[in-house]
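Accompanying notes for the structure given below.
Any value given below was found using the heavy atoms of this structure, including those in side chains, with hydrogens, waters and symmetry copies removed.
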Amino acid sequence: MELLIDAILKAGRSAVELSLFILLPVMVVMLSLMRLLEAKGVLDWAVARIAPLLKPVGLTGLGVFAALQINFVSFAAPVATLAMMDQRGASPRHLAATLAMVMAMAQANTTFPLAALGLSYAPTLLLSVLGGLAAAAVTYYGFGRHLSGAEAPLDETLHHRTAEDAKGVLDVINHAGAEAFKIAVGSIPMLVLSLTVVMLLRAFGAIDLLTALLGPAMAALHLDPALILLTLTKVLAGGTAMMGVMDEMLRQGHASVLLLNQGAGFLINPLDVAGVAILISAGKRVAAVWKPAVLGGCIGILLRTAGHILLA
């Protein structure tokens, strides 16, 4: 019991520090900036000009907006856009391409805090975009080619707050701050649980046993054994939990900044149990295309992984 309490207290301290002192301030600034650009119409302007260029890879204007959301807001932000596409009559083929793109990209609520810990942000963003576009294209023309491409007249109008005067600007910033606080505080339970489990597994020797069992295979593939714990956490508990474990491993010297950058393509994306469950909650038609979207997302992640290894 003493071991459990000690693990919970240490995990709680680490989770609160990561959420409130790293994630929260970064997300407040970035969300305020994004929401102000949105309110001023800058994002609408950008989407209107980028969308025609990305139409060949199966993305509509709302798909472009979803890409901006996951890269600059959070992994959950595109859910509202996917729901909008679902309700407004986007074709299953376009839905699958957009969902695959989101699954393959790097979510802002993980990349921004990890950038403070040593992640190279510019290459991560560039590879996120390339991987997402590749995932969309391979889904639209490959895994999802059997899906219907017919869609109802699609209203792609984006409804959001405006900032015409000082009061409007302050209102946008306040709401962005509240959104950032919700993201940061909402991450604490998963961080505490995942870090507690990790500390208990380490205390009971389970991590060492697993590393010893998989060590020879990892060595043969020239992979760092530290990826075992990070991968397990990411797949089962999601990117936020992985971020907490990475932070703890960096503090204790069990992982390096080089490993963080080499593994970013594989570790930083919403293609995990928790992420997929949240994304497909956007609507029944979105959930119906999850299989081709996951396959396409895997291709995009493989491309990102190769890029990070080469650039690290």
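- One distance of note links CG of Leu310 with CD of Gln262; it measures 10.5 Å at 0.5 Å rounding.
- With sequence neighbours left out, the ring-ring contact (aromatic ring centres under 6.0 Å, His included) criterion links Phe143 to no other residue.
- To the nearest 0.5 Å, atoms CG (Leu37) and CZ (Phe72) are separated by 10.0 Å.
- Both Met249 and Phe266 sit in one connected hydrophobic cluster of ILVMFWY residues. Membership requires side-chain heavy atoms under 4.5 Å apart, directly or through other members.
- Note on Leu250: it clusters hydrophobically with Leu119, by side-chain heavy-atom contacts below 4.5 Å among ILVMFWY residues.
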Verdict with supporting geometry, Leu223 and Ile228, side-chain contact (heavy atoms from CB on, under 4.5 Å): CA-CA 9 Å; Leu223 297 175; Ile228 296 173; over 6 Å; no

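- Checking each of Thr110, Thr240, Asp272 against Lys234 for a side-chain hydrogen bond (donor to acceptor under 3.5 Å, both in side chains) leaves exactly one that passes, namely Asp272.
- Formation of a donor-acceptor pair under 3.5 Å by the Asp86 side chain with backbone atoms of Arg285 is found in this model.
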What's the verdict on side-chain hydrogen bond (donor to acceptor under 3.5 Å, both in side chains) for Gln69 and Thr81, showing C-alpha distance, side-chain angles and the deciding distance? CA-CA 9 Å; Gln69 286 178 314; Thr81 302; 2.5 Å; yes

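- Not one N or O on the side chain of Asp6 forms a donor-acceptor pair closer than 3.5 Å with the backbone of Glu2.
- What you find for Tyr121 and Ala115 is that their closest heavy atoms are CB-CB, 4.4 Å.
- A heavy-atom distance below 4.5 Å is found between the side chains of Pro270 and Ile70.
- Going from atom CG of Leu99 over to atom CG of Leu95 covers 8.0 Å, rounded to the nearest 0.5 Å.
- Applying the salt bridge (Lys or Arg N to Asp or Glu O under 4.0 Å) test to every pair with at least one member in residues 290-307, sequence neighbours left out, gives no pairs at all.
- In terms of heavy atoms, Gly265 sits closest to Thr305 at C-OG1, 3.5 Å.
- Taking CG from Leu125 and OG1 from Thr111, the interatomic distance works out to 8.0 Å, rounded to the nearest 0.5 Å.
- The closest side-chain heavy-atom distance from Met246 to Met243 is not below 4.5 Å.
- The ring-ring contact (aromatic ring centres under 6.0 Å, His included) test applied to Phe21 returns no partner, not counting sequence neighbours.
- Remark: the backbone N or O of Met242 is not paired with any side-chain donor or acceptor of Asp247 at under 3.5 angstrom.
- In terms of modelled atom types and a separation under 3.5 Å, the side chain of Ser120 and the main chain of Pro123 share no donor-acceptor contact.
- Across every non-hydrogen atom of Val257 and Leu117, the tightest pair is CG2-O, 3.9 Å.
- Remark: the backbone N or O of Gly263 is not paired with any side-chain donor or acceptor of His308 at under 3.5 angstrom.
- In the hydrophobic clustering of ILVMFWY residues, with side-chain heavy atoms under 4.5 Å counting as a link, Val73 and Val42 come out together.
- Put simply, the residue from Thr139, Thr98, Leu271 that forms a side-chain contact (heavy atoms from CB on, under 4.5 Å) with Met103 is Leu271.
- Atom CZ of Phe112 has more than 12 heavy atoms from other residues, nucleotides or ligands within 6.0 Å.
- In summary, Glu179 and Arg35 engage in a salt bridge, as defined by a charged side-chain N under 4.0 Å from a carboxylate O.
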Show your working on ring-ring contact (aromatic ring centres under 6.0 Å, His included) between Tyr140 and His94 and close with a plain yes or no. CA-CA 7 Å; Tyr140 190 76; His94 284 101; 5.2 Å; yes

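- By the 4.5 Å heavy-atom criterion applied to side chains, Leu201 and Leu210 are not counted as neighbours.
- A distance-only check finds a donor-acceptor pair linking the side chain of Asn109 to the backbone of Phe75 [under 3.5 Å].
- The closest side-chain heavy-atom distance from Leu147 to Ser91 is not below 4.5 Å.
- Residues Val79 and Ala282 come closest through the heavy atom pair O-CB, 3.6 Å.
- Counting all heavy atoms, side chain and backbone alike, Val192 lies closest to Ala11 at O-CB, 3.7 Å.
- Leu311 contributes atom CG, which lies 10.5 Å from atom CD1 of Ile309 (distance to the nearest 0.5 angstrom).
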I'd like to know whether Val245 forms a side-chain contact (heavy atoms from CB on, under 4.5 Å) with Leu229, so could you lay out the CA-CA distance, the side-chain angles of the two residues, the decisive distance to 0.1 Å, and finally the verdict. CA-CA 8 Å; Val245 174; Leu229 178 57; 4.0 Å; yes

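- The minimum heavy-atom distance between Leu227 and Leu267, with the atom names listed, is CD2-CD1, 4.2 Å.
- Crowding of Tyr141 atom OH: a count of heavy atoms from other residues, nucleotides or ligands under 6.0 Å exceeding 12.
- Residues Val235 and Ile299 fall into different hydrophobic clusters, defined by Ile, Leu, Val, Met, Phe, Trp and Tyr side chains chained together at heavy-atom separations under 4.5 Å.
- Follow the hydrophobic side-chain contacts under 4.5 Å out from Trp290 and you never reach Val138; the two are in separate clusters.
- Here Leu62 contributes atom CG and Arg88 contributes atom CZ; the two are 6.0 Å apart, rounded to the nearest 0.5 Å.
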